[in-house]
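The next block holds one structure in the form of structure tokens; read it before the comments.
Below, read A as the first sequence line, B as the second, and so on, with proteins coming before strands; counting in each chain starts at 1.
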Protein chains: 2
Amino acid sequence: MTVTLADVAARARVSPATVSRVLNGNYPVAASTRERVLRAVDDLDYVLNGPASALAAATSDLVGILVNDIADPFFGIMAGAAQTEIGGPGDGSGRAGGEKLAIVCNTGGSPERELTYLTLLQRQRAAAVVLTGGAVEDPAHQAAMSAKLAKLADAGTRVVLCGRPPLPDSEAVVAALAFDNRGGGRRLTEHLLSLGHRRIGYVAGPLERTTTRHRLEGHRDAMRAAGLAGDEERLTVHGPYDRRSGYDATHELLRREPEVTAVVAANDTVALGASAAIRDRGLRIPEDISVAGFDDLPFSVDAVPALTTVRLPLFEAGARAGRLAMGKEKPPPGGIATIAAELMVRGSTAPPRVG
Amino acid sequence: MTVTLADVAARARVSPATVSRVLNGNYPVAASTRERVLRAVDDLDYVLNGPASALAAATSDLVGILVNDIADPFFGIMAGAAQTEIGGPGDGSGRAGGEKLAIVCNTGGSPERELTYLTLLQRQRAAAVVLTGGAVEDPAHQAAMSAKLAKLADAGTRVVLCGRPPLPDSEAVVAALAFDNRGGGRRLTEHLLSLGHRRIGYVAGPLERTTTRHRLEGHRDAMRAAGLAGDEERLTVHGPYDRRSGYDATHELLRREPEVTAVVAANDTVALGASAAIRDRGLRIPEDISVAGFDDLPFSVDAVPALTTVRLPLFEAGARAGRLAMGKEKPPPGGIATIAAELMVRGSTAPPRVG
DNA sequence: TCATCGATAGAAAGCGCTTGCTACGGGTGT
DNA sequence: ACACCCGTAGCAAGCGCTTTCTATCGATGA
């Protein structure tokens with residue numbers, strides 16, 4: 001048998017209501033009574049029944065964090081930061097308070113899973129939901145998401161987007177923190193152009209993601225501004241955001257166009273694969289080919305040569321999203337904030353060989 | 001207002017009981033009735049109230065996965081793999097079944113948080129809990145953990161350890177999958193010894209973790225077997241499992257003992273930091289100093305030179321833990337399985353310079 | 001033809017907690 | 001001294017679902 005509130009009440013010689021109030025600390029209870037109750041709780045090793053409490057109170061202390069790929073530090077860093085702010089246990093006192101249980105849900109990048117997790121969180125009457133990472137640009141899915149988020153918001157769940165562009169309409173969302181992927185992509189390519197590169201290959205992410213599109217658009221904006229439009233299709237290869245894809249795509253790219261002097265990757269992980277491919281072809285970085293990434297994940301500075309990339313303040317953004325989800329921070333005006341991306345020039349980019 | 005079971009029942013002109021049975025599919029319902037109910041569910045956009053259902057049924061479909069550091073791929077990979085098996089949404093049908101909601105909880109390596117998360121999961125009446133990563137070796141904490149796990153098991157929660165040594169007593173645990181950290185550490189050092197290294201530095205993890213201790217013991221076993229005992233203390237530096245720590249510790253190590261010809265790191269991330277420190281001192285890898293890591297995380301093969309390390313089958317182990325948690329796989333005999341660690345020799349280790 | 005049985009559906013009793021409202025006592029103002 | 005009020009504690013009505021037990025009905029077998 002599990003111990004119930006009533007058991008504790010009996011042992012403390014008070015009513016269940018009083019025990020509940022002691023535990024929730026949201027109602028005055030005389031110090032002596034409180035102490036008696038707490039002792040009984042301890043004696044009996046009582047653990048609150050979460051579902052029962054959530055049912056009665058019509059709220060739960062769950063906060064969901066949705067990520068595309070939990071094995072990718074890009075998401076891990078944001079999720080970890082968010083969780084820090086959301087509290088979960090132990091971030092401070094322990095006993096009382098605004099503490100919520102942060103749980104991270106791995107969608108694997110699948111739109112259906114994303115939706116299903118949202119439903120599950122809705123079932124659990126989650127207090128808040130943080131969606132991280134780029135969205136899929138399928139209209140049907142977007143509509144479904146909007147509808148689902150609206151429903152969540154209706155039910156009192158605070159929805160925050162982190163590293164994801166704001167939804168078309170949605171008043172449902174407390175705040176949207178979007179990375180300036182387009183600007184970052186543009187500045188990165190401008191850097192390459194200023195070094196003298198003209199034939200720049202682009203190893204892009206999966207076609208239908210906003211992140212992919214924005215970074216690519218930034219790149220192309222820069223190319224166009226330099227009067228280098230035209231060859232985009234041939235110089236772009238799409239693939240998943242992983243190392244393997246970067247490796248394969250770069251081989252493909254160099255086969256298509258051996259004259260490439262620089263390769264821009266969709267993110268740092270892809271850049272690692274790209275670098276491996278370039279080396280496997282007997283080329284040196286950056287002497288023969290420059291390589292650049294995106295995100296500035298922790299390992300990027302340790303690559304050899306250190307990777308030129310675009311720094312996204314993942315931790316800060318995740319933390320802010322967490323605070324927003326908890327209502328600890330005022331949403332930005334209009335509920336939308338764009339988070340700047342900073343160009344990090346390191347050793348993997350250099351002027352192209354002359355000739 | 002949210003839609004309730006009763007609303008659906010009214011619209012389908014059946015009793016709430018029938019709706020519940022249709023939704024749970026655990027009781028015969030006439031096809032025509034079922035259809036009517038399902039249409040009503042759809043029409044009303046009904047979403048089951050999780051807490052209510054968990055309360056009434058005295059079980060929930062939550063499965064907790066505890067990790068030390070969600071930003072570390074070591075844990076991300078295991079957690080992701082486990083989640084794949086646990087189902088969460090969308091791994092298959094969608095409607096029915098054994099699907100559970102996998103949620104990952106980030107303890108940040110703190111014993112208190114670990115305990116608190118366990119309590120929270122206990123509150124939620126979690127169906128299963130997977131604990132990943134090394135344990136902290138504080139007796140008080142271990143006792144508390146045992147007690148807590150026993151209580152969870154009592155309440156019907158399936159507990160699985162993944163990459164963590166079995167608990168002293170515990171019948172509470174369904175299964176424990178332990179990595180052969182000691183064997184891996186030994187083989188790694190044997191490899192270095194066979195190359196001719198004699199002065200080997202060790203950048204260890206935090207002192208009180210089992211993972212740290214086992215890897216270090218393996219290393220020292222190998223050293224001792226080679227007749228090289230004695231200098232352990234001076235050649236070992238402890239620190240957290242992160243890049244920064246690897247960097248700092250390696251500088252410290254090389255200051256203490258400039259004659260070191262090889263550095264073994266507690267894991268690959270630390271090895272990255274160690275490599276950076278070595279390079280910053282103007283030394284080459286592996287010509288001047290060999291470097292080795294542990295885990296074989298995805299980026300290790302892309303390090304330059306590629307990192308010699310010990311491969312842990314993180315994905316497979318995580319997946320197996322997931323299956324065990326779901327009761328989809330029979331526990332190993334005695335509930336304990338040791339998972340082999342495979343030496344991966346790559347470019348970062350080579351014979352020491354002569355002289 | 002009548003009792004029996006199998007297949008379905010409904011009634012109703014909780015699951016363990018929260019919370020609005022009521023009850024009780026002693027201190028306060030006049 | 002009397003009416004009042006504040007500080008506490010208890011009562012009891014749910015929260016929305018599951019599940020046991022009972023009721024119904026048409027089909028079946030003797």
Side-chain angles (χ1 to χ4, degrees), chain A residues 1-38 40-41 44-62 96 119-120 122-127 155-156, chain B residues 1-38 40-41 44-62 96 119-120 122-127 155-156:
Chain A
M1 266 322 298
T2 27
V3 183
T4 73
L5 234 213
D7 299 333
V8 175
R11 185 168 232 272
R13 322 195 114 274
V14 297
S15 73
T18 301
V19 177
S20 169
R21 301 205 256 245
V22 168
L23 261 23
N24 290 297
N26 52 8
Y27 193 88
V29 173
S32 65
T33 312
R34 172 181 4 274
E35 201 173 312
R36 208 146 28 94
V37 169
L38 289 179
V41 166
L44 298 177
D45 251 336
Y46 171 68
V47 174
L48 190 68
N49 182 317
S53 144
L55 173 58
T59 61
S60 89
D61 51 5
L62 254 45
T119 301
L120 253 13
Q122 187 183 359
R123 260 211 212 341
Q124 302 299 328
R125 305 301 189 251
Chain B
M1 266 324 297
T2 27
V3 183
T4 72
L5 235 213
D7 299 331
V8 175
R11 185 169 230 274
R13 320 195 115 275
V14 296
S15 73
T18 301
V19 177
S20 169
R21 301 204 257 243
V22 168
L23 262 23
N24 290 297
N26 52 9
Y27 192 88
V29 172
S32 65
T33 311
R34 177 192 345 284
E35 201 173 310
R36 209 146 28 94
V37 169
L38 289 179
V41 165
L44 298 176
D45 251 336
Y46 171 68
V47 174
L48 190 68
N49 182 317
S53 140
L55 172 59
T59 61
S60 89
D61 51 4
L62 254 46
T119 301
L120 253 12
Q122 186 183 0
R123 260 210 212 341
Q124 302 299 327
R125 306 302 189 248

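- Between the CD atom of E35(B) and the P atom of dT8(C) there is a distance of 15 Å, rounded to whole Å.
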Tell me which donor-acceptor pairs under 3.5 Å the side chains of residues 45-56 of chain B have, and how far apart each pair is, sequence neighbours excluded?
unit_1: D45(B); atom_1: OD2; unit_2: K151(A); atom_2: NZ; d: 2.7
unit_1: N49(B); atom_1: OD1; unit_2: A52(B); atom_2: N; d: 3.0

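- Legend: residues meeting side chain to side chain donor-acceptor pair (under 3.5 Å) with T119(B), ordered by chain and number and at least two apart, are K148(B).
- Contact annotation for V19(A): no contact, since no heavy-atom pair falls under 4.0 Å across all strands.
- S60(B) meets the side chain to side chain donor-acceptor pair (under 3.5 Å) test with no other residue; sequence neighbours excluded.
- D61(B) has its side chain out of reach of R125(B): every pair of non-hydrogen atoms, C-beta onward, lies at least 4.5 Å apart.
- Separating the CZ atom of R34(A) from the P atom of dA9(D) is a distance of 9 Å, rounded to the nearest angstrom.
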N/O to N/O distances under 3.5 Å, protein versus nucleotides 19-25 of chain D:
unit_1: dT20(D); atom_1: O4; unit_2: R21(B); atom_2: NH1; d: 3.1

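- A straight line from CD of Q124(A) to C1' of dG16(D) spans 14 Å, rounded to a whole angstrom.
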Using a 3.5 Å cut-off and no angle test, enumerate the donor-acceptor pairs between side-chain atoms of residues 11-19 of chain B and protein atoms at least two apart in sequence or in another chain.
unit_1: R11(B); atom_1: NH1; unit_2: D43(B); atom_2: OD2; d: 2.6
unit_1: S15(B); atom_1: OG; unit_2: A17(B); atom_2: N; d: 3.4
unit_1: S15(B); atom_1: OG; unit_2: T18(B); atom_2: N; d: 3.4
unit_1: S15(B); atom_1: OG; unit_2: T18(B); atom_2: OG1; d: 3.3

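- Checking dG16(C), dT8(D), dG10(C) against the side-chain heavy atoms of A30(A) singles out dT8(D) as nearest.
- One can place CG of N49(A) at 18 Å from P of dC15(D), the figure rounded to the nearest angstrom.
- Residues passing the side chain to side chain donor-acceptor pair (under 3.5 Å) test with R36(B): none are found, sequence neighbours excluded.
- Remark: A58(A) engages no residue in a side-chain contact (heavy atoms from CB on, under 4.5 Å) (not counting sequence neighbours).
- Residues from residues 5-14 of chain B that place a heavy atom under 4.0 Å from any atom of DNA chain D, listed by number: L5(B).
- In plain terms, the two heavy atoms of V22(B) and V29(B) that are nearest each other are CG2-CG1, 3.8 Å.
- The separation between L55(A) atom CG and dT18(C) atom C1' is 10 Å, rounded to whole Å.
- For R34(A), there are no side chain to side chain donor-acceptor pair (under 3.5 Å) partners, not counting sequence neighbours.
- Per the geometry, CZ belonging to R36(A) stands 11 Å off C1' belonging to dA9(D), to the nearest Å.
- dG16(D) atom C1' lies 15 Å from atom CG of L44(B), rounded to whole Å.
- Between S15(A) and the phosphate of dG10(D), there is a side-chain N or O to OP1/OP2 separation shorter than 4.0 Å.
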